[in-house]
Amino acid sequence: MAKIIDGKQVSANVKEQVRQETEALFQKYGKKPGLAVVIVGNDPASRVYVNNKKKACETVGFQSFEYALPEDTSQEELLELVETLNADKNVNGILVQLPVPKQIDDKAIINAISAEKDVDAFHPENVGRIMIGEYAFLPCTPAGVMELIDSTGTEISGKRCVVIGRSNIVGKPMAMLLLHRSGTVTICHSRTQNLAEITREADILVAAVGKANFVTGDMIKEGAVVIDVGMNRLENGKLCGDVNFAEAEQKASYITPVPGGVGPMTIAMLMKNTLTAFKAQNQITD
Ligand code: GUN
């Protein structure tokens, strides 16, 4: 029977480290990190995420600035706000909650955010830095997954790692982070043939597919570490991962639950990135 990886506990540890460092830096320099969160429109899921980000800022002692713009905001108006935030010395990190309404091109917005303030690590400059292993920020979800794997004490070097999903936000950077730690990495996706044969070889299996219960017990190697990035809302309103948990926990050595696994890590890593941005912008090296 698998051990459960407690994402709430690991994320609380990360946030506590950030809180302590923030407090020490405030004592020394009299300044604290600031995160601007921009939400456009009324998507209820986005509203929940943004509220959680604000709450996390309070927990770790950051300033947070929220900009809630109406659904019919134009691309020019949003770009203007991004430019203002780029120039604001009190703002160290800028996050525009995605998705944005359809009249706005999200790529144009991501490109406009100053790379030094891009705490999502979505800007092409930051994406490129990840590729060559010289990064300031890691995208929050894959970085959180690495923390969860590390919390189990599992050695990644030399292991077979399989990532299901090839999104720019999770699958691709996830594969790169595992590769940087000398994993032998395979990326699978919707066109992959003989998927179960590949996943059954995985010592570390990361599922980021977006389909409820997609990974079944027969796809998992005995003793694998299974990380479930999925957040699927079922018809009955329940939240469900990409992994069939009841089956997977019979095979895995460690497994993340949904909710309470990867989800809480994403926000903790956003706090870590914002602290990193604050230090870099203030030339703080301690
Ligand atoms: N929407 C869902 N997840 C994210 C995220 O990590 N960052 C941003 N900016 N928007 C999101």
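Keep in mind the model is a prediction, meaning the values are calculated, not measured. Order of listing sets the numbers, starting from 1, for every ligand and every atom in it.
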Item to complete: First locate atom CE of Met146, then atom CE of Met265, and finally report the distance between them rounded to the nearest 0.5 Å.
Response: 11.5 Å

Worksheet item: So, is Pro99 polar-close to ligand 1, with some N/O to N/O distance under 3.5 Å?
Response: no

Worksheet item: Given a cutoff of under 4.5 Å between side-chain heavy atoms of I, L, V, M, F, W and Y, with clusters grown through shared members, what are the other residues clustered with Leu195?
Response: Ile4, Val162, Ile164, Ile198, Leu205, Val209, Phe214, Val215, Met219, Ile220, Val226, Val243, Phe245, Ile255

Worksheet item: Short N/O distance, under 3.5 Å, between Lys53 and ligand 1?
Response: no

Worksheet item: What's the shortest distance from atom 4 (C) of ligand 1 to any protein heavy atom, and which residue and atom give it?
Response: Gln97 NE2, 4.1 Å

Practice prompt. Only heavy atoms count here, so choose which of Leu98, Val38, Leu95, Thr141 is nearest to atom 1 (N) of ligand 1.
Written response: Leu98

Practice prompt. Using a strict cut-off of 4.0 Å, indicate which atoms of ligand 1 neighbour a heavy atom of Val96.
Written response: 8 (C), 9 (N)

Practice prompt. Quick one: closest heavy-atom pair of Met131 and His180, and the distance?
Written response: O-CE1, 3.9 Å

Practice prompt. Would you mind checking if Lys117 and Asp88 are paired as a salt bridge, meaning a charged N to carboxylate O distance below 4.0 Å?
Written response: no

Worksheet item: Under a 4.0 Å N-O cut-off, is there an ion pair linking Glu58 with Lys55?
Response: no

Practice prompt. Check each of Asp120, Ile169, Ile267 against atom 7 (N) of ligand 1 and report the one with the nearest heavy atom.
Written response: Asp120

